[in-house]
Protein chains: 2
Amino acid sequence: MQVKAAIPITVADIKSACSQCNLLELCLPFGMTETEINRLDELVGTRRRIKRQQHLYRAGDPFEAIYAIRIGWFKTDVVLEDGREQVTGFQMTGEMLGLDGISTEAHSCNAIALEDSEVCVIAYDKLEELSRQVEGLQHQFHKVMSREIVRDHGVMMLLGSMRAEERLAAFLLNMSQRFAARGFASSEFHLRMTRDEIGSYLGLKLETVSRAFSKFQEEGLIAVQQKHVRLLDIQAMRQMIQHPAAIR
Amino acid sequence: MQVKAAIPITVADIKSACSQCNLLELCLPFGMTETEINRLDELVGTRRRIKRQQHLYRAGDPFEAIYAIRIGWFKTDVVLEDGREQVTGFQMTGEMLGLDGISTEAHSCNAIALEDSEVCVIAYDKLEELSRQVEGLQHQFHKVMSREIVRDHGVMMLLGSMRAEERLAAFLLNMSQRFAARGFASSEFHLRMTRDEIGSYLGLKLETVSRAFSKFQEEGLIAVQQKHVRLLDIQAMRQMIQHPAAIR
DNA sequence: TCACTCCGTTGATCCACGTCAACCACAAAT
DNA sequence: ATTTGTGGTTGACGTGGATCAACGGAGTGA
């Protein structure tokens, strides 16, 4: 059923590497000088298009490259032997995938496209080599990894200490903020993932996610229709996380 | 009440840096050549002793160094405005602390000693500089960061998809394996953290943790007395995680 | 030795979320 | 236009773990 989803792109496309890309601000080249960025172009040799529902990589695949998302959305997940799935993250344009593979030289999670997507392939050995020469690249790469660690700690807080509605509020605010950072509307957006996937990420069942959406709607915090969400009272949602209404 | 816990060590002590340390296998120098390790010695300038319950660093502190634990145990935690605490990890000898600080140049969590401890201070700017010169150091450092990301994903799986007893089993097996890696007994050890701290880490209340300990004891899986734990049936505990008994 | 504090255990009760089930909306296929 | 499948919503009910409460044991300091 699943087709291995590697569609290399023609040489013509390769031209427009980092130096031509409009994602500079969010991606690996952030904070680098123009000269440095030009050297990055050597690195980003190929692109890959991944169709919806296809894997960019699977747990166990040998690790060779990390990926920067140019277009589209992904989820990463870990699956236990008995089939339980935990979504560990949703990644969008300008974000990096594959960092999990460095430690054991094999990927430890699955990366699956939520919609037809395109990534820049960054050969890892070349990245290490270049980041020994280009200080800005080295530093930015370390920041990207560290940011992932900090994000993960936030998810732990969410999973370990927050109740269902707080989790959903935190999730929606996080989406909002990431859309904003890319110049998209921050209070109206289209979710690429299902209720089930959101639930897996938030440690909730899909019914609970659905009910929380409905509750927020009743309370006038948001307007939802299927995957389309409009945030009507961001301030109230922020307060929900910081000063939970529940007596405790 | 809390005293800032920086007790620099005399010059005499500094001599015995990485090249003399018996933690090579677990720590930053792993996989590096002897010559490379000698250069690491330049890096590890000072040590710090941290007394039980004192902070190595706090959320918000400016980020300047990462730390390798020489002796002792730490916990890291994140605290919400309303006081809810989430323990994000327990770190032991040979493990690294402070990686969270790279992304924003300020620490994003607290690191607190669970017992009187000692760490090697690794100035971060020097680490970046040296790892541009020493390939083995660069690679090992990246592996350490990546390993932290993989670990975090494991914790997400635990918090998002496992039930109370599975979480505790996973926790104990993880402890066991880390003791083993350091040449300590893998089936009998002393926990440095309280039930409350374990609970925070596992997303459970301390009472639930305590009950799970008691249940395991009744079932003959472990022998517990306060913080002293003996694992009697590691195999059964492994199966508990992979093939949960509960009908689902 | 006693008093005090912190930590752990255990029981009784409660409730947030899971489970089970029915139904509905929308899109793609025929 | 009809069928089929996937994903989302909502209701009724059950339960795992939280909450509340009491007590006990270990360590510490006077």
Side-chain angles (χ1 to χ4, degrees), chain A residues 1 51-53 75 84-87 112 114-116 158-169 171 190-219 222-229 240 244-248, chain B residues 1 51-53 75 84-87 112 114-116 158-169 171 190-219 222-229 240 244-248:
Chain A
M1 198 59 29
K51 287 213 162 296
R52 190 174 124 82
Q53 301 287 35
K75 69 169 177 182
R84 277 183 286 183
E85 179 201 28
Q86 175 68 34
V87 170
I112 299 151
L114 295 176
E115 60 183 23
D116 294 358
L158 190 140
L159 290 171
S161 307
M162 292 167 88
R163 32 194 56 246
E165 287 171 25
E166 291 166 9
R167 294 184 200 186
L168 185 62
F171 170 75
H190 183 82
L191 297 172
R192 268 63 174 191
M193 61 296 282
T194 67
R195 300 290 189 262
D196 195 31
E197 287 164 335
I198 297 173
S200 171
Y201 181 62
L202 300 179
L204 302 169
K205 291 292 145 180
L206 66 93
E207 294 94 330
T208 306
V209 174
S210 180
R211 276 186 247 270
F213 268 115
S214 301
K215 180 106 180 294
F216 285 177
Q217 174 140 266
E218 278 167 35
E219 290 169 346
I222 63 172
V224 211
Q225 206 184 8
Q226 307 284 108
K227 291 192 159 71
H228 189 85
V229 180
M240 183 182 304
I247 334 90
R248 186 182 313 272
Chain B
M1 198 59 27
K51 287 214 163 296
R52 188 174 125 84
Q53 301 287 37
K75 70 170 175 181
R84 276 181 286 183
E85 179 202 28
Q86 175 69 34
V87 170
I112 300 151
L114 295 176
E115 61 183 25
D116 293 359
L158 190 139
L159 291 170
S161 306
M162 292 167 87
R163 30 193 54 246
E165 288 171 25
E166 291 166 9
R167 295 184 200 187
L168 184 62
F171 171 75
H190 182 82
L191 296 172
R192 267 66 173 189
M193 61 295 284
T194 67
R195 299 289 190 263
D196 195 30
E197 287 164 336
I198 297 173
S200 172
Y201 181 62
L202 299 180
L204 302 170
K205 290 293 148 183
L206 67 93
E207 294 94 329
T208 307
V209 174
S210 180
R211 277 184 246 270
F213 269 115
S214 301
K215 179 106 181 292
F216 285 178
Q217 175 140 265
E218 279 167 34
E219 291 170 345
I222 64 172
V224 205
Q225 206 183 7
Q226 308 282 108
K227 292 192 159 70
H228 188 86
V229 180
M240 184 183 303
I247 333 90
R248 185 180 315 269

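Everything quoted here is computed from the prediction, not taken from an experiment.
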Nearest-0.5 Å distance, [atom1] of residue [X] to [atom2] of residue [Y]:
| X | Y | atom1 | atom2 | value |
| --- | --- | --- | --- | --- |
| B:Met193 | B:Ile112 | CE | CD1 | 13.0 Å |
| A:Glu85 | A:Glu197 | CD | CD | 7.0 Å |
| A:Phe213 | A:Glu218 | CZ | CD | 14.0 Å |

Below the 4.0 Å mark, does [N] have OP1 or OP2 next to a side-chain nitrogen or oxygen of [X]?
| X | N | answer |
| --- | --- | --- |
| B:Lys205 | D:dT19 | yes |
| B:Thr208 | D:dG16 | no |
| B:Arg211 | C:dT10 | no |
| A:Thr194 | D:dT6 | no |

For [X] and [N], give me the distance from atom [atom1] to atom [atom2], rounded to whole Å.
| X | N | atom1 | atom2 | result |
| --- | --- | --- | --- | --- |
| A:Leu158 | C:dC17 | CG | P | 12 Å |
| A:Glu218 | D:dT9 | CD | P | 12 Å |
| A:Leu159 | C:dC17 | CG | P | 13 Å |
| A:Gln53 | D:dG5 | CD | P | 17 Å |
| B:Lys227 | C:dC7 | NZ | P | 7 Å |
| B:Leu114 | C:dC6 | CG | P | 17 Å |
| A:Arg195 | C:dG18 | CZ | P | 15 Å |
| B:Gln226 | C:dT9 | CD | P | 6 Å |

If you check the [X] side chain, which of [options] turns out closest?
| X | options | answer |
| --- | --- | --- |
| B:Leu206 | C:dG11, D:dG8, C:dT9 | C:dT9 |
| A:Glu207 | C:dG8, C:dA21, C:dG11 | C:dA21 |
| A:Arg163 | C:dC26, C:dA16, D:dG7 | C:dA16 |

When you match B:Phe213 and A:Met162 each to their closest nucleotide on DNA chain C, which lands nearer the 5' end?
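By nearest-heavy-atom nucleotide position, the 5'-most residue is B:Phe213.
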
Contact class for [X] (heavy atom, under 4.0 Å): base, sugar-phosphate, or nothing?
| X | value |
| --- | --- |
| A:Gly203 | sugar-phosphate |
| B:Ser210 | base |
| A:Leu204 | sugar-phosphate |

Backbone N/O of A:Ala212 and side chain of A:Glu165: donor-acceptor pair under 3.5 Å
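It does not hold such a pair.
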
Would you say the side-chain atoms of B:Arg52 pair up with the backbone N or O of B:Asp116, donor to acceptor, closer than 3.5 Å?
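Judged by distance alone, no pair lies under 3.5 Å.
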
